[in-house]
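Each remark here refers to the structure printed beneath this line.
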Amino acid sequence: QVQLVESGGGLVQAGGSLRLSCAASGSIFSINDMSWFRQPPGKERELVATITSGDKADYADSVKGRFTISRDNAKNTVYLEMNSLKPEDTAVYYCNALIIELQQLLTTRSCWGQGTQVTVSS
């Protein structure tokens, strides 16, 4: 069983910074893409950033230049550094990882964290 646990959310003023972390644990053989999504109040979940196993990163236009995604493969952890935060960044942030488990080497599972709240006050 694979688990993703997020941390680092909270309340911050506009212009401030936060760093989210998401650690994967369990019977992991390998992890492919790792991503951060967010779901603002009353809206659908949207992709924020993705990083491949080769460290290639892509970002939503709304966060380019402000957010940085990174990963530590030795720790099975993905990070999201968020700077110059705006009230419209307020959302529940979810991490996602495409994981191959030890017991099912032919299958890639899409695994989700439980979400962490980020609130940016104006």
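These numbers come from a predicted model, not from an experiment.
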Q: Sort out for me which residue in Ile99, Ile100, Leu102, Asn76 forms a side chain to side chain contact (heavy atoms under 4.5 Å, CB included) with Ser30.
A: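 Testing each of Ile99, Ile100, Leu102, Asn76 against Ser30, the sole residue satisfying side chain to side chain contact (heavy atoms under 4.5 Å, CB included) is Ile100.
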
Q | Minimum side-chain heavy-atom gap Cys22-Trp36 below 4.5 Å | A |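 The answer is yes; the side chains approach within 4.5 Å.
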
Examine distances only and state if a side-chain atom of [X] and a backbone atom of [Y] form a donor-acceptor pair shorter than 3.5 Å.
X: Glu6; Y: Cys95; answer: yes
X: Thr90; Y: Val120; answer: yes
X: Ser62; Y: Ala60; answer: no
X: Glu101; Y: Leu105; answer: no
X: Arg66; Y: Ser84; answer: yes

Between the side chains of [X] and [Y], does any donor sit under 3.5 Å from an acceptor?
X: Asn73; Y: Ser53; value: no
X: Gln103; Y: Ser27; value: yes
X: Gln117; Y: Thr119; value: yes

Q. Would you say Glu88 has more than 12 foreign heavy atoms packed within less than 6.0 Å of its CD?
A.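 Yes, CD of Glu88 has more than 12 neighbouring heavy atoms, counting only those of other groups under 6.0 Å.
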
Throw together a table of side-chain donor-acceptor distances under 3.5 angstrom for residues 8-18, partners on residues two or more places apart or in other chains.
| unit_1 | atom_1 | unit_2 | atom_2 | d |
| --- | --- | --- | --- | --- |
| Ser17 | OG | Asn83 | OD1 | 2.8 |

Q | Arg19 to Tyr79 six-membered ring, cation-pi geometry met (6.0 Å, 45°) | A |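 Arg19 over Tyr79 ring: yes.
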
Are [X] and [Y] joined in one hydrophobic group, where the rule is that I, L, V, M, F, W and Y side chains link up if heavy atoms are under 4.5 Å apart?
X: Ile69; Y: Val118; answer: yes
X: Met34; Y: Val2; answer: yes
X: Tyr59; Y: Val78; answer: yes

Work out which heavy atom in [X] is nearest to a heavy atom in [Y]; give both atom names and the distance.
X: Leu20; Y: Met82; value: CG-CE, 3.8 Å
X: Arg71; Y: Ile31; value: NH2-O, 3.2 Å
X: Ser35; Y: Phe37; value: CB-CE1, 3.8 Å

Q: Show the numbers, then the answer: is there a side chain to side chain contact (heavy atoms under 4.5 Å, CB included) between Thr108 and Asn32?
A: CA-CA 9 Å; Thr108 301; Asn32 295 331; 4.2 Å; yes

Q: List the steps and the verdict of side chain to side chain contact (heavy atoms under 4.5 Å, CB included) for Arg45 and Arg38.
A: CA-CA 5 Å; Arg45 193 173 298 189; Arg38 67 185 181 187; over 6 Å; no

(Q) What verdict does the side-chain hydrogen bond (donor to acceptor under 3.5 Å, both in side chains) test give for Asn96 and Ser110, after you've listed the backbone C-alpha separation in whole Å, the side-chain angles of each residue and the deciding distance to 0.1 Å? (A) CA-CA 7 Å; Asn96 174 273; Ser110 178; 2.9 Å; yes

Q) What residues, two or more places apart in sequence or in another chain, satisfy salt bridge (charged side-chain N to carboxylate O under 4.0 Å, His left out) together with Asp61? A)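 If we apply the salt bridge (charged side-chain N to carboxylate O under 4.0 Å, His left out) test to Asp61, skipping adjacent residues, the hits are Lys64.
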
Q: For the pair Tyr94 and Trp112, name the ring-plane relationship: parallel under 30°, tilted 30 to 60°, perpendicular over 60°.
A: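 Rings of Tyr94 and Trp112: perpendicular, over 60°.
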
